[in-house]
Each structure stands twice: as structure tokens, then as C-alpha cells.
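I have placed the structure first, in the form of C-alpha cells, so that the comments after it can refer back to it.
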There are 2 protein chains.
Amino acid sequence: MADWIEQFPGLSRLDGDLRETLVRQSRVVEVPQGTVIFGPGKAPENLLLLLAGVVRVQQVAENGREIVLYRVHAHESCVLTTACLLAYEDYSAEGIAETDVTAVAIPRSVFDEMIARSADFRRFVFTAYSRRITDLFMVIEEIAFRRLDLRLAAKLLERKDAAGDVLLTHHQLATELGTAREVVSRQLQEFIRRGWVTAGRGRVHVTDAEALGEFAHSA
Amino acid sequence: MADWIEQFPGLSRLDGDLRETLVRQSRVVEVPQGTVIFGPGKAPENLLLLLAGVVRVQQVAENGREIVLYRVHAHESCVLTTACLLAYEDYSAEGIAETDVTAVAIPRSVFDEMIARSADFRRFVFTAYSRRITDLFMVIEEIAFRRLDLRLAAKLLERKDAAGDVLLTHHQLATELGTAREVVSRQLQEFIRRGWVTAGRGRVHVTDAEALGEFAHSA
DNA sequence: CCGGGAAGGTGACTAAGTCACCGTTCCGGG
DNA sequence: CCCGGAACGGTGACTTAGTCACCTTCCCGG
């Protein structure tokens, strides 16, 4: 079963030989929800290409506070881990399977060989890097310069499902934004007061996405 | 003149053939202080390896506020630019020669060839990536979770010269920390009041580095 | 020597984060 | 079925940080 390679635009152009190398030397793994894929003192052994599911990468401070850095979705790769895997290692970010995850695991040695042999693979890897680094830049810009209420509004819109529900606790929303629970609670109350959302235990329901969106983009 | 290669620990082990390729196809450039090396709408064309000087990489927000992300020093490389150079491009970070800079410029094509042919070069590049990404993680952790007065104290110690002088304006210190000038001014007044520093136009003099250091590491 | 820009000081205000504590809800074991 | 603990969320009082408007001082070039 090697069809997975077609799911990665950057890899589908690999020619027969390389493609076979890649497919033969990697394996498909299943990772249950909640698994810590990598973290402090737990260096990743493989480059992961996600076939299904979501991996959340977050930073944990000594004082216990957390912030979500980015997510890896299906058909993307966990490239930043490869960097930190190939080099010196004492960073405090961790990757967690946010859902059940199906992924292709490419061992370090194969990763290195592919980098050496395929310009397409190199492009794939560096493109993935670029995307992650851009994500990090955006996180920095957001937490340094944008108002929390605007960020919360945007986050609710980003994470609501088709029915308009955001199935996160206030604490989880705070982690998404790198702030404290109480701050989220109070901001949500303001949104409720304005009639943009309703609240329930562990859920926020977006009732007026349009107003929320307009607010998020104002100022 | 190819001795520069010896200055890069990760490159000095390249064997004769590769080494010659690298040396022949790259050139040494001089960049005057203040030059914008890359930035919005100004993609870098080369991988830079610094021989002398410092490059400051910073993010600029629409509202005009800035934050310093990291610095590239002598014997390091501007790797993140290669990623963003090889891939999609709309990030708002910019790199500025903070001093006069001497650097080796390696064209994109040579970079790619070296990556393909040399495991040592790959290690060099990915190690450099790792360091930068770690820097970014630390920036995020700092601005999200650490108190500003502690960060300012640490920054003064980090950037003081041998005589204890920090030759930066309040505005520049604010940019270092991603905050506003007034906030820096007020914190500095508190440090002055405590007798840890003295101030002058465009300079802060650290008089009690020990107390400042103890403060920076408290809490 | 004077005019303008950079530097920085200040008060009043708003936004954000912290701390301590509360009640409520949920869920699993006894 | 009920109890107890943990997760969830609300709240007041406070501190820290950021914003806005405006001021003075200093420096440098014309």
C-alpha cells in the first residue's frame, strides 16, 4: 500500500526509484488521541507525515502555563521536529495527538537519504519549514501586538464546527491564546452580553459569526 | 582566499572536492551597517554565512511596533531566510545589518547542490535551523509568560558592553522586548531608584550588575 | 544661533494578568 | 444511590502592562 504518497503534493512527483525507497523504508503508524508524540526528554525518532488527524504543538512554561504554537494537519509534516531531532536538544515544546492520528513514519536515515537524492523532497521539506516558521512568526506578532479580545473572537471563528460550536473549555481557549483562564472567561461574558455567543460547560456556541468576524477584523 | 571555511565548525570537515565547489561558487560580500538584507518584498537571493558583524532579524507589525526575533553573529548563518526563500513568501520579518557585515554569499543553486552532496553540510544547515527555531520558541515563551521588568533586567545585562554601558535608546530597548517606550522608561526609572543603573541620553549604564542579575533570575 | 527631529518624562486611562476563593457540575467508586 | 474529588467556571481586588496625549530637553545641521 503506497498510495499515501499521492496525498502529498510535494512528493507525488518523485520518480519510481526514490518513491519505492521511501515507501519501502517507512511504515504507517496509528497513534491514539492524547499520545505525546514528542516532548521534553522525548526526542522524535522519525519524520511524521500525517495521513489523518491533527497534531498540536505547544510550549509549556515552568510555571505551568501553555501556549499552542501550531497544528499539523493531514497531508502535512512535523518538520520542525526533524530539525530539533538532528541537532541540539533542550527545547520545551511538545507535540500531542489531538485526535487519533494515522501517519507515515520516515526514519532519520531515510530522511537524510531522501534529502540527498531528491530535489523534490528537498523542496517539500523546505516548504514545510517555511510554513511552520511563518506560523511561529504569526504567533509572535499576535501575542506581542494584538488585543486579546480580537484574538479570542478570531479563535472562536477558527475553531467552531459546522454547527457553530466550539468544544473547548475556557482553560483550553486560554492555552490557545497564551493567556489565563479568567481573562478568557471575562471576555466571553462580554461576547455573551453582546449576543454573539452563548456558553455551556466545555462549549461555546457562536450565534452571530458575522458580528464576531467584523469585530475580529476591526482595529 | 578560502580560509573562511575553517571558521565554520560544521563545514571544516568538508572534503576537498566539495570544499572547492563551495569556495569557488560563493563570494565574500561587504554589507554596510543599516542595510536591509531581506525584508517584505525583498527576498534574499543567497544563504549568508557571517564572517564578521551582526544581523538583527525583527518583525514589524502594521501598527508600526517592532520586536527583535534573534541575531545572527559571526560564524553563524541566516538559514531561516533560505527556507522562506525557497518557499512561499509573505512574511513580514526583516534582516538588518546591525554593524558593518562581512559574509559569504552562497547562491541558491549551490546551496541546493551542497545539501544534496554533503551530509556534513546538511548537518550544518539543520543544526543552524534548530538553533534559530529554539530562539523563536524562547521569544514566544518570554513575551507570553515572563514579567517585563525581569526581561528588561536580563536584556540590559545581555547587551551591556565591557564598561557596563548599554548604548540603546528607550525606544530600541522597547523593540528588543516587544513593548512600548513608555513602559521601558518607567521600568528604568525604578531600576535607577534602586541604584542598579544610571541613565543618559541613548545610554543606560549598569552600575550593579549583580543585583540586576539576581533580580532577573528571581521569580 | 535657531529650527526641527529624536529622546525621554508624565498623568490619566484602559487592557491584561494574578491571586484567592467560591459555587456548580460531572463522574466513578463504594 | 450517594459521596467525594476533580474539573469547570465565576468573581472581586489587586498588580502589571500598554495606550494616548502632551510636554520638555537635547542635539545637530543649516
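We name chains A, B, ... by the order of the sequence lines, and we start the count at 1 in each one. Everything quoted here is computed from the prediction, not taken from an experiment.
- Each end of the helix from dC1(C)-dG30(D) to dG30(C)-dC1(D) gets its own axis from five base pairs, and the two axes differ in direction by 30°, given to 10 degrees.
- For DNA chain D, the contact window with chain A, defined by any atom under 4.0 Å from a protein heavy atom, covers dA7(D) to dA13(D) in 5' to 3' order.
- The residue among R201(A) and S185(B) whose nearest nucleotide of DNA chain C lies closer to the 5′ end is S185(B).
- Side-chain N/O atoms of H170(B) include one lying less than 4.0 angstrom from OP1 or OP2 on dG9(C).
- OP1 or OP2 of dG8(C) has not a single side-chain nitrogen or oxygen of Q189(B) nearer than 4.0 Å.
- With sequence neighbours left out, the side-chain hydrogen bond (donor to acceptor under 3.5 Å, both in side chains) criterion links R194(A) to E190(A).
- Residues forming a side-chain hydrogen bond (donor to acceptor under 3.5 Å, both in side chains) with E142(A) (at least two apart in sequence, or on another chain): R146(A).
- Taking Q172(A) as the reference, L168(A), T169(A) meet the side chain to side chain contact (heavy atoms under 4.5 Å, CB included) condition, with sequence neighbours excluded.
- dA7(C) atom P lies 13 Å from atom CG of L167(B), rounded to whole Å.
- Remark: E76(A) engages R132(A) in a side-chain hydrogen bond (donor to acceptor under 3.5 Å, both in side chains) (not counting sequence neighbours).
- Each ring pair (Phe, Tyr, Trp, His ring centres under 6.0 Å) pair with one or both residues in residues 179-202 of chain B, not counting sequence neighbours, appears once here: F191(B)-W196(B), F191(B)-F215(B), W196(B)-F215(B).
- The side chain to side chain contact (heavy atoms under 4.5 Å, CB included) test applied to A105(B) returns R27(B), V29(B), N46(B), L48(B), not counting sequence neighbours.
- Note on residues 161-186 of chain B: no pairs pass ring pair (Phe, Tyr, Trp, His ring centres under 6.0 Å), not counting sequence neighbours.
- Remark: D208(A) engages no residue in a side-chain hydrogen bond (donor to acceptor under 3.5 Å, both in side chains) (not counting sequence neighbours).
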Can you pull every protein N or O that's under 3.5 Å from an N or O on nucleotides 14-18 of chain C?
residue: dA16(C); atom: OP1; partner: L148(A); partner atom: N; Å: 2.6
residue: dA16(C); atom: OP2; partner: Q187(A); partner atom: NE2; Å: 3.4
residue: dG17(C); atom: OP2; partner: T179(A); partner atom: OG1; Å: 2.4
residue: dT18(C); atom: OP1; partner: R65(A); partner atom: NH1; Å: 3.3
residue: dT18(C); atom: OP2; partner: R65(A); partner atom: NH1; Å: 2.5
residue: dT18(C); atom: O4; partner: R186(A); partner atom: NH2; Å: 2.5

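- Between T102(B) and E30(B), the side chains place a donor N or O and an acceptor N or O closer than 3.5 Å (distance only, hydrogens not considered).
- Qualifying side chain to side chain contact (heavy atoms under 4.5 Å, CB included) partners for Q25(B), counting only residues two or more places apart in sequence or in other chains: T21(B), V110(B), E113(B).
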